[in-house]
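Input: a single structure, listed below in structure tokens.
First listed ligand is number 1; within each ligand, the first listed atom is number 1. As the structure is a prediction and not an experimental result, all values here were calculated from the model.
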Amino acid sequence: MDYTLQPLKYAFNALEPFIDAVTMEIHHDKHHAAYIAKLKEALDKYPELKYSSVEEVLADLENLPEDIRMAVRNNAGGHWNHTFFWGILAPKNDISSSLVEKLSTAFGSLDAFKEQFKNAALSRFGSGWVWLVKKEDGTMQITSTPNQDNPLMAFAEVKGKPVLALDVWEHAYYLKYQNKRADYVDAFWNVVNWGKVEEILG
Ligand code: MN3
């Protein structure tokens, strides 16, 4: 498995003023890097375990040796979640009329979708993530997970393919927004890479 931290496809300050450069740099270079290092450290204890991708690890958590299972769950989750998150952010954020239509069909309207997503972000107690998921039956659902769990994990409350994600750990917003998670969620809509979201949704 490749343990390289991929660079962002945009500059740390590209999402200003909505997500500040210092937060982006620490979040990517320190937090994300640490998840990768700790994942490697855990899996290195069992060289006989061979995985070719993070997805493969996430799908196999229940079969891991118990002494590394939680470390792998947290850190493979952290690695996957952050890689995904960087990909659905962008400084330019036009949303197509076809995606607005899909979200409106599923949630009532684009505003209603944003409202429900925000409510999920605000009601996640402590650290975690909010997701828009495409389920196996093709329908979309908003869900949230604690810590670094995600909808790809077998035990997730709502399973499916992540389409959009928001990191609601304090490290993602505290420098700029302090305790105002709601303001961070509102700002997030300005830096969503809707083109990418639509591509993933398929
Ligand atoms: Mn984070």
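Protein atoms of type N/O/S that fall under 2.8 Å from the Mn ion (ligand 1) number 4 in this view.
Looking at Trp86 and His32, their side chains do bring a donor and an acceptor atom within 3.5 Å of each other. There is a side-chain donor-acceptor pair under 3.5 Å between Asp137 and Thr139. Using modelled atom types and a 3.5 Å distance limit, the side chains of Asp186 and Tyr177 yield no donor-acceptor pair.
Residues passing the ring pair (Phe, Tyr, Trp, His ring centres under 6.0 Å) test with Phe12, sequence neighbours excluded: none.
Using cut-offs of 30° and 60° on the angle between ring planes, the pair Trp131 and Phe84 is tilted.
Using a 4.0 Å cut-off between charged nitrogen and carboxylate oxygen, Lys38 and Glu41 do not count as a salt-bridge pair.
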